[in-house]
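The structure displayed is predicted, hence computed values, not measured ones.
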Amino acid sequence: MNLQKIKSFRKLQRCYHNQYHYSHSSASSIELEFHADLKDAPYLFDKMPHRDFSGSNHNHLLFEYARTNNNAQALKHFIGIRRLGLPVNGASFSCVLKICGSLCDQIIGKQIHCDCIKYGFVEDVSVGTSLIDLYTKTEGVWMAELVFDEMPDRNVVSSTSMLTGYSLRGLHDRAVELFLQMQMEGIKPNPFTFATVLGALAGSGAVVKGMQVHSMVVKFGFELTTYVCNALISMYSKSGMIRCAKAVFDDMEARDAVSWNGMVAGLVTNGHDLVGLDLFHKMRLSGVKLTQAIFVTILKACANIKEIVFTKQIHCVVSKNGMESDPNLRTALMVSYTKCSEMDDTLKLFRTMKGVNNVVTWTAMIGGLIQNRDIDKAVDLYCQMCREGVKPNEFTYSTLLAAHPTVSVFQIHAQSIKTNYESSTSVGTALLDGYMKMGNNNDAIKVFERVEEKDIVTWSAILAGYAQLGDADGAVRVFRQLANDGVRPNEYTFSSILNACASPMAAIEHGKQFHAGAIKENYNNTLCVSSALVTMYAKRGNIESANKVFERQTERDLVSWNSVISGYAQHGYGKKALEIFEKMREENLKMDGITFIGVITACTHAGLVNEGERYFNMMLNDLNIDPTPEHYSCMVDMYSRAGLLEKAMVFINDMPFPAGVTIWRSLLAACRVHKNLEIGKLAGDKLMSLKPQDSAAYVLLSNLYATAGNWQERSKVRKLMDERSVRKEAGCSWIEIKNKTYSFVAGDTSHSSSDLIYLKLKELGLRLRDAGYLPDVNYVLHDVEDEHKEDILFGHSERLAVAFGLISTPPGTLLQIVKNLRVCGDCHTVFKLISRIEEREIIVRDSNRFHHFKDGVCSCGEYW
C-alpha cells in the first residue's frame, strides 16, 4: 500500500460512525472468510467501508494466504502490515517465518527474527519453532541449534522441527541423540516425531535402533498411523529387511499412494523385482492414483529383469496420461529400453525429445550406448551434446570413463578439472578406477585424496584397485584409514579387501581378521563376500576353509564354483575338483571359459590326460565355448607334464593361432624334467625369439643342457644371456611368523637369527640321514664337486624358511611358505621327511601350485 492509500484510510476512519463501522466491518470479515476464491480477498478488503486497524482482519488474511500456499502474496501482505504500523502477535510472526522458510528467503527471515527479538516474541514456542524451520532450510543447522538451545520452553512440535532439520541436513546421528534427549526431558513424541526419527535411522543404517523405536511406536499406539507406517516401511527397506517392511505394509488399515510406492520401491531396490511388479498390479486394482514416482520404480524393475513388453506397456500408459514430459520418467524409459538392448527404441525416444533434452537424458543415452558396447557412437553423441551447448555434469564424466580404454582417462580428467568436477565423488571414483585399471596407482591415489566427500563406493573402488595390483599392504592401509574416519564398510568394501588379501604376499592373519570383521557386520553370507572368502582361502593355502565357506553359501554364483574348482586343482586335489565340476553339471549351472581352465588344470596336476581331453572337447563341441590361449596353454601343459611331448607338439601345430610365451615355457620346463633335448631346444629358441629378455628361457634351456651333462652348450646359453644383459630371477622364499613376513635367498646369512637357522638345518640334516635321506645332487645344475653340491642344496631358500619357522613357532604349528620359483625336487623330498619327523604340516606355494606336506606325504602325489 502507498502513502495515498494510508491517508485515505485515516480519513475514512474519522468519517464513519462507530456502529456503522462495526456492522459493516463484521459483515465484510465474514464475507472474506467464506469467499470461495481467495484471489478476490484483497478486493473485498478494499471495499470494506472501514478497515479494522486492530489488525485482526489483516492477520486473518495473512493466515488465509499461508493456508492456501499463496506464500509470495502472504509475505507482501505482511510487509504492508508492518509499513502501516499495525500490531502483530506471535501467531503472525510464526506464520510469516514459516512462509520465509517455504520460500527459502533468508534475508527477510533474519529481519523478522530481529523484529521478534525487538517485540519480545522470540521466547514464544511457536515463533521459535518457525525460526528453527527457517534456518534449517536456509542458513544452516547451527543457527537452528542456537534458537533451539535458547528456547525456555520446548514442546514436541519444536523438538520435531529440530529433528526434521537434522534429517534434512543428513545429520542422522544428531537426530537420534535429540530423540533420546526428548525422552529424558519427558517430551512425549507424536506421530510426526516418530516418522522423522525413523527417517533419520534409515539414513544412518541404524536398523537395531530403528527396531527399538518401532516398539515405542506400538507402545504409544501409533502403529496404524499411515505416515508412521510409511516411515517404517522406508527404514526396513533401506536396511534390507524387506520382510519386516512387508509385515508393516500388510498390517496397515489405511494405505495411501506413499505406502504403495514405498513398498514397491523397497521390493525393487532389494532385488525382488517380480514381487514388486505383482504388488504394483494389486495397487492398480485398489484404485490408488498412479504417480510419476511409481512408474519410475516399475520401469527400474523392468530394466533389472529386462522385461521389454511391460516397459512398452508402461510407456503407453505414461503417454496416455500426459506424463511423458516428466524428465525422471523419460530417463527411466530410456534406461529400461537400454537394459533390454532395444537401442533403436531408445534412440527414437531420445530424438522425439529434441529441444527438451537436458544433461540427464544425454547422459542416460551415452551410458546406454556404452553398456551396449557401441563406444564410438557414445563418443560421437557426447561431442554432439557439447556442440549443442549442453554442459556435461559429474555423471556425464563418470559415465564416459566407463568407456576406457577407447576414451582417454587423461582427457576426461583434464575436462573434469576444467569444469571443476574433479573433486566430486562420482567423477573422482570413476577416475581412480580408470587409473587403477591402467596400473597407474600413483595418479589414482592423488585423485582419491582430492575427492572432497568420499562415500563408501569411493573407498571400495580404491581398495579394489589395490586388490587388482596385488598390493595387500596398500589395501590394508586404506582400510585402516577408512575405519579411523568413521566410515562403515559395506559388503563390497569387504569383498575388495578380501580380494587384496588373496595376494601371495599378503599377511595370512589379515585375511582372517577381515573375515571376522565381515561376520561382525553381518556381511559374511552375502554373495560377493562369501565368494571373495572362497577365493582368498583357496589362494592362501587353506583349501579346507575355502570349502567350508563354499558349503555354507546359501546362494552361489559362477565365481564361487570357479574359485573352489581352481582351488582344489592348484592344491593337487584334482579328483575333488572334478567331483565339484560334475555336481555343477548335475545342477545345470551355466559355465564359462574360466570354469574349464580350472577343470583342465585339475587334470594337469593329477595326470588325468584322458579326462582333460574329454573336458576340452565338451567345452568346444557341447557347450560351444570358444577356447582361448589360456585353454590351449593348459592342454599343452597337461601333455607336457605327462611326458607326451610329441603329442604336445602336434597339438601346438594344430592350434588356430601361433603359440605364445606361456605355451613354449611350459613345454621347455617339461623337456628339462623329461630330458628331451630336441624339443627343448626348439621350445627354447621359440621362447627367446618371442621374449628375448625373459630369463626363464635361458635358465630352463641351460638347466636342460646341464641335466644332460652338456656343459659346453650350457656355457653358450649363459654367455648369450650375459651378452643380452638378461638377469636371472633369484630364488626367494617367504614365511609369515606372527603377522610379519620374512624373506630368504639361497645361502642367506643376513637374518638376525642366521646362526640358529643353520644350527637347526644341521640338526635336521642328521635326523634326515637317520630317516634314510640321501641328497639328490642332480638338482644342482653347476659343474662342481658332489660335496659342494650338497652344501648348495643345504642352503636353498625354502629350507632356510622352514628352519626359521621351526625355531620360531610352537610344536605342531602349521608352516606356510611361498617361493617365487618351482620348488627344488630334493627340497620336496626333504619337506616330506621334515613333516613326519617334526610332526608338522607344511604348505609350500611355488610358481606352479600348492604342496601340502603331512605325515611324510605330499598332496601332489609325486606328480608335479
Side-chain angles (χ1 to χ4, degrees), residues 405 435-443 468-471 503-505 597 628-637 640-641 645 648-649 652-653 655 657-708 710-734 743-748 779-783 792 796-798 818-824 845-849:
Y435 280 127
M436 280 293 188
K437 285 177 179 175
M438 293 167 60
N440 190 346
N441 58 326
N442 290 329
D443 283 337
Q468 185 179 331
L469 295 171
D471 186 355
S503 165
M505 301 312 300
I597 288 175
T628 64
E630 286 80 8
H631 294 105
Y632 285 103
S633 179
C634 288
M635 290 297 291
V636 171
D637 193 30
S640 301
R641 287 173 185 269
L645 300 175
M649 281 301 302
I652 290 170
N653 292 330
M655 282 167 49
F657 44 77
V661 171
T662 307
I663 288 175
W664 291 118
R665 189 187 291 129
S666 298
L667 186 62
L668 179 56
C671 288
R672 184 184 72 81
V673 173
H674 297 289
K675 301 177 182 179
N676 190 316
L677 278 173
E678 182 183 353
I679 296 177
K681 188 175 185 308
L682 172 65
D685 291 341
K686 291 283 188 181
L687 187 54
M688 284 186 281
S689 65
L690 288 171
K691 202 170 183 180
Q693 295 301 309
D694 183 10
S695 63
Y698 304 90
V699 173
L700 287 170
L701 189 57
S702 66
N703 289 347
L704 174 60
Y705 285 129
T707 303
N710 193 338
W711 300 106
Q712 187 176 358
E713 288 298 323
R714 178 185 181 275
S715 298
K716 288 181 181 178
V717 174
R718 289 286 180 175
K719 184 179 178 181
L720 181 63
M721 192 175 177
D722 292 336
E723 289 173 356
R724 295 180 177 178
S725 301
V726 178
R727 296 180 63 85
K728 177 183 178 293
E729 183 181 7
C732 187
S733 297
W734 296 266
S743 61
F744 298 89
V745 294
D748 199 344
Y779 287 100
V780 181
L781 305 174
H782 298 280
D783 191 11
I792 293 172
H796 273 189
S797 65
E798 54 264 54
V818 177
K819 187 176 182 183
N820 63 333
L821 304 176
R822 189 176 188 268
V823 68
C824 159
R845 177 179 181 171
D846 67 8
S847 59
N848 292 325
R849 59 176 294 162

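Here Asp637 pairs with Arg641 in a salt bridge; the nearest charged N to carboxylate O distance falls below 4.0 Å.
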field: Lys681 vs Asp685, side-chain contact (heavy atoms from CB on, under 4.5 Å): CA-CA, chis, key distance, verdict
entry: CA-CA 6 Å; Lys681 188 175 185 308; Asp685 291 341; 3.3 Å; yes
message: Could you walk me through whether Val636 and Trp664 satisfy the side-chain contact (heavy atoms from CB on, under 4.5 Å) test, starting with their C-alpha distance in whole Å, then the side-chain angles of each, then the deciding distance to 0.1 Å, before giving a yes or no?
response: CA-CA 9 Å; Val636 171; Trp664 291 118; over 6 Å; no
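From Gln693, atom CD reaches atom CZ of Arg724 across 8.0 Å, with rounding to the nearest 0.5 Å. Note that CE of Met721 is 10.5 Å distant from CE of Met688, once rounded to the nearest 0.5 Å. A distance of 9.5 Å separates CD in Glu678 from SG in Cys671, rounded to the nearest 0.5 Å. Remark: Asn676 CG to Leu645 CG distance equals 5.0 Å, nearest 0.5 Å. Within the model, atoms CD of Glu630 and CD1 of Ile663 stand 9.5 Å from one another, a figure rounded to the nearest 0.5 Å. Here the OG atom belonging to Ser633 is positioned 9.0 Å from the CD1 atom belonging to Ile652, to the nearest 0.5 angstrom.
Side-chain atoms of Asn848 never come within 3.5 Å of backbone atoms of Val823 as a donor-acceptor pair (strictly under, hydrogens ignored). Listed for the Tyr698 side chain is no donor-acceptor partner under 3.5 Å among the backbone atoms of Lys719.
Shown here for Ala697 and Leu668, the closest heavy-atom pair between the two residues is O-CD2, 3.7 Å. Nearest approach of Asp694 to Val726, heavy atoms of both residues: C-CG1, 4.3 Å. Nearest heavy atom pair, residue Gly731 against residue Leu821, reads CA-CD1, 3.5 Å. Across every non-hydrogen atom of Lys819 and Cys824, the tightest pair is NZ-N, 4.2 Å. Considering every non-hydrogen atom in both Gly684 and Leu701, the closest pair reads CA-CD2, 4.4 Å. Contact between Asp748 and Ser743 at its shortest, heavy atoms only, is OD2-O, 4.0 Å.
The side-chain heavy atoms of Leu682 and Met649, taken from C-beta on, include a pair separated by under 4.5 Å. A 4.5 Å side-chain heavy-atom check between Asp443 and Met438 finds every atom pair outside the cut-off. Taking the side chain as every heavy atom from C-beta outward, Arg822 and Arg672 approach each other to under 4.5 Å.
Atom CD of Gln712 has 12 or fewer heavy atoms from other residues, nucleotides or ligands within 6.0 Å.
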